[in-house]
Amino acid sequence: DIQMTQSPASLSASLEEIVTITCQASQDIGNWLAWYQQKPGKSPQLLIYGATSLADGVPSRFSGSRSGTQYSLKISRLQVEDIGIYYCQQASSAPPTFGAGTKLELK
Amino acid sequence: QVQLQQSGAELAKPGSSVKISCKASGYTFTSYDISWIKQTTGQGLEYIGYINTGSGGTYYNEKFKGKATLTVDKSSSTAFMQLSSLTPEDTAVYYCARTGGFDYWGQGVMVTVSS
C-alpha cells in the first residue's frame, strides 16, 4: 500500500496567519491527492481534490499544491472555523490510503 | 441536496456480527459507488472497500477481507456493511462515503465491541 506521511502532527497558529500542512507520498501518485477537514464529532469534509482543485463551497483561502511526491495544503489567512484535523488521501492506487492527520489549533 | 444517512450506534459482544446501513438521497444512487471507511484514534482512517451500487460488485481492502461484507438494495438506495466475528479491535466509527473523491460522507456509526 502507498504510505502517506503527513506533517506536522499538530500545529498551533494565530488568526489571519498563513498555515501550511504537507504530505509525502511513498511513491508517485501524480495528482491523485485529496485533502479533508474534520471538525470534532463530525465527518471529514472534502477540501481539495486532484491535488489543486477546490471542492464546491470551500473558501478560496484554501489551496493545494504539488512538488513531485510532496503535496501541500495552504490556508492563506487562518479563521476560527478552520480549526480541526486535516487529512491527506491518495487515490492513485488501491486501496486508497490516508495520512495520519494534522491537528490545527488556535494559538 | 446529497445526503448519506447512516444507522445508529451499535453495542455488540465479541464474536457477534453487526449490519450497518447507509441510505442515500439527493442524487441518482446507481451513478456512484459507495465506499466504507473505518476511523479509530490509534489507526486513523482506513479504507475498507466499496460496492458498485448498480451491479453489486465489490472491492475489499485485503485487511478487511473476511471481516466486512458489503451489499446494496437499489430499491431503497441503501448500502449495507456487515462486520462479522467482532473483536475489541473492531471498535471504531464507520463511515460510508460517495466514491469519486469521497465528496459526501455519512455522519458515521459508532460500533463498540465489549463483553
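Quick note on labels: first sequence line is chain A, next is B, and so on, each numbered from 1. All values below come from the heavy atoms of this structure, side chains included, with hydrogens, waters and symmetry mates left out.
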Are [Y] and [X] connected into the same hydrophobic cluster when the rule is that any two of I, L, V, M, F, W, Y join if their side-chain heavy atoms are below 4.5 Å apart?
{"X": "B:Y104", "Y": "B:L45", "answer": "no"}
{"X": "B:L70", "Y": "B:Y59", "answer": "no"}
{"X": "A:M4", "Y": "B:Y47", "answer": "no"}
{"X": "A:V58", "Y": "A:Y71", "answer": "yes"}
{"X": "B:L83", "Y": "B:F80", "answer": "no"}

| B:Y50 versus chain A, the contacting section by heavy-atom distance below 4.5 Å | neither
| Residue B:E62 versus chain A: region with a heavy atom under 4.5 Å | neither
| message | So which residue, A:A91, A:P96, A:A34, ends up with the most heavy-atom pairs under 4.5 Å with chain B? | response | A:P96
| note | Ranked by heavy-atom pairs below 4.5 Å to chain B, first place among A:G41, A:G50, A:A94 goes to A:A94
| query | Which atom names give the shortest non-hydrogen contact between B:G108 and A:S43, and what distance separates them? | reply | N-OG, 4.4 Å
| said: A side-chain contact here means heavy atoms from C-beta on lying under 4.5 Å apart; do A:Q38 and B:W105 qualify? | reply: no
| query | Do A:P95 and B:F64 come close enough that some side-chain heavy atom pair is under 4.5 Å? | reply | no
| message | Using a 6.0 Å cut-off, check whether atom CZ of A:R61 has over 12 heavy atoms from anything other than its own residue. | response | yes
| Got a sec: does the NZ of B:K23 have more than 12 other heavy atoms crowding it under 6.0 Å? | yes
| field | For chain A, the option from B:I48, B:V93, B:N61, B:I37 that forms the most heavy-atom pairs under 4.5 Å | value | B:N61
| said: Heavy-atom pairs under 4.5 Å with chain A - which of B:E46, B:Q39, B:Q43 has more of them than the others? | reply: B:Q39
| query | In terms of the angle between their ring planes, are A:F98 and B:F102 parallel, tilted or perpendicular, with boundaries placed at 30° and 60°? | reply | parallel
| said: For A:Y49, which atoms come within 4.5 Å of any heavy atom of chain B: side chain, backbone, both, or neither? | reply: neither
